[in-house]
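Accompanying notes for the structure given below.
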Amino acid sequence: MYSLVIPLYNEELMVPVLRTRLTAVLDSMGMPWEIVFVDDGSKDKTRDLLHEWQLGESRVVVVHLSRNFGHQAAVIAGLEHSRGEVVAIIDGDLQDPPEILSAMHDKLQEGYDVVYGVRKNRKEGRLLKFCYWLAYRIINSLAECMLPEDSGDFCTMRRCVVDKMLELKEHFPYLRGLRAWLGYRQISFEYDRGARAKGGSKYSLRDLVKLTRDGIFGFTRLPMKLVRLAGTGAIAFSCLYFLFLLISYCLGHRPPAGFSTLIVVACLFAGAQLFSIGLLGEYVCRIYEDVRGRPRYVVSSVAGRNEKSNPTA
Ligand code: UDP
Ligand code: MG
């Protein structure tokens, strides 16, 4: 069985388009399928249109969230309700062409566990394109594990990966990061990202900033390291400045009384405070890692054992 997970928020214009395009694509793939729609608290006719479709099509599942929880949460809800051995995630605006799902599935059959889309081109405004480009570069340059650039949530995964992903009970999930973090045999699939088929973006700049923030805080400790580094820098500067003053004093220079002492003391204490905040932050980061409860490693399989092994630790 092949599951397609689609989050929808106020996509009444898209539902009829989805109906024709997705049914054609999935039928042509020649295997049993289901579509799991997640209605993320839509306020327009999305709910009714999905309901009507679902009544006439038993392969359509609709999960209604009680309010708008955001894209990432909606995708997780969809994954949780999917039953397929292979699960694909796609946005409801069809910016990622569903017609390539079949080729992605073929790639998966070559022995991969995850095939994720990588956008070669985007048909979006220049400013938005730049924002996306910057957001990906910032997270990827800071992340402690390799996150693929220009890859969104559009992907096809095997059930084993989906199950592991669902075990990660993160409150602020950054799915494309978690997918990369999980490992397994992954391969990219390049494609051209089109423009939205209908309607406007449901992702505000604020949502994008939040997603970037979740990416940064979920996958890097760098902000904390920077604070500590700034503290160390300020302490080093005050020490060097003190040395410089001492030497110039010995050489006979006399700066205005009190001025040098003020600078040295201010820098020293500012540095010490920043450094202490950095240290505290390091503890907070470690507590956060523990509370988040990501497994220390993920076992994909064990050879030489008959019983099913406990795959996480
Ligand atoms: N979406 C959602 N909840 C939200 C925002 C968006 O389920 O709070 C859905 C939306 O309906 C679409 C997908 O997430 O199917 C991606 O959103 P969109 O295309 O608006 O984002 P963009 O491509 O502009 O970043
Ligand atoms: Mg979109």
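Both counts, for ligands and for their atoms, begin at 1 and track the order of listing. Nothing fancy with the numbering, it's 1 onward along the sequence.
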Checklist entry - At their closest point, which heavy atom of Leu274 faces which heavy atom of Gly231, and how far apart are they? => result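 Heavy atoms of Leu274 and Gly231 come nearest at CB-CA, 3.5 Å.
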Checklist entry - Looking only at heavy atoms, is any part of Met14 under 4.0 Å from ligand 1, and if so is it the side chain, the backbone, or both, or is it neither? => result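 The answer is neither; Met14 stays 4.0 Å or more away.
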Checklist entry - At a non-hydrogen distance cut-off of under 4.0 Å, which region of Glu11 contacts ligand 1 (side chain, backbone, both, or neither)? => result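 The side chain, only.
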Judged by atom type as modelled, is there a donor-acceptor pair below 3.5 Å linking the side chain of [X] to the main-chain atoms of [Y]?
X: Arg292; Y: Gly218; value: yes
X: Asp91; Y: Leu94; value: no
X: Asp93; Y: Ala197; value: no
X: Ser42; Y: Asn10; value: yes

Checklist entry - Can you name the N/O/S atom of Asp93 that is nearest the Mg ion (ligand 2)? => result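 This turns out to be OD2.
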Checklist entry - Against heavy atoms of Lys202, which atoms of ligand 1 measure under 4.0 Å? => result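 Near Lys202, the atoms of ligand 1 are 5 (C), 6 (C), 18 (P), 20 (O).
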Next on the checklist: Under a 4.0 angstrom heavy-atom cut-off, which atoms of ligand 1 come close to Tyr203?
Outcome noted: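 Answer for ligand 1: 17 (O), 20 (O), 21 (O), 25 (O).
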Using a plain distance cutoff, I'd like to know if [X] has any nitrogen or oxygen under 3.5 Å from a nitrogen or oxygen of ligand 1.
X: Asn68; answer: yes
X: Pro7; answer: yes
X: Ala74; answer: no

Checklist entry - Should the pair Phe37 and Trp53 be assigned to parallel (<30°), tilted (30 to 60°) or perpendicular (>60°) ring geometry? => result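 If you compare the ring of Phe37 with that of Trp53, the planes turn out tilted.
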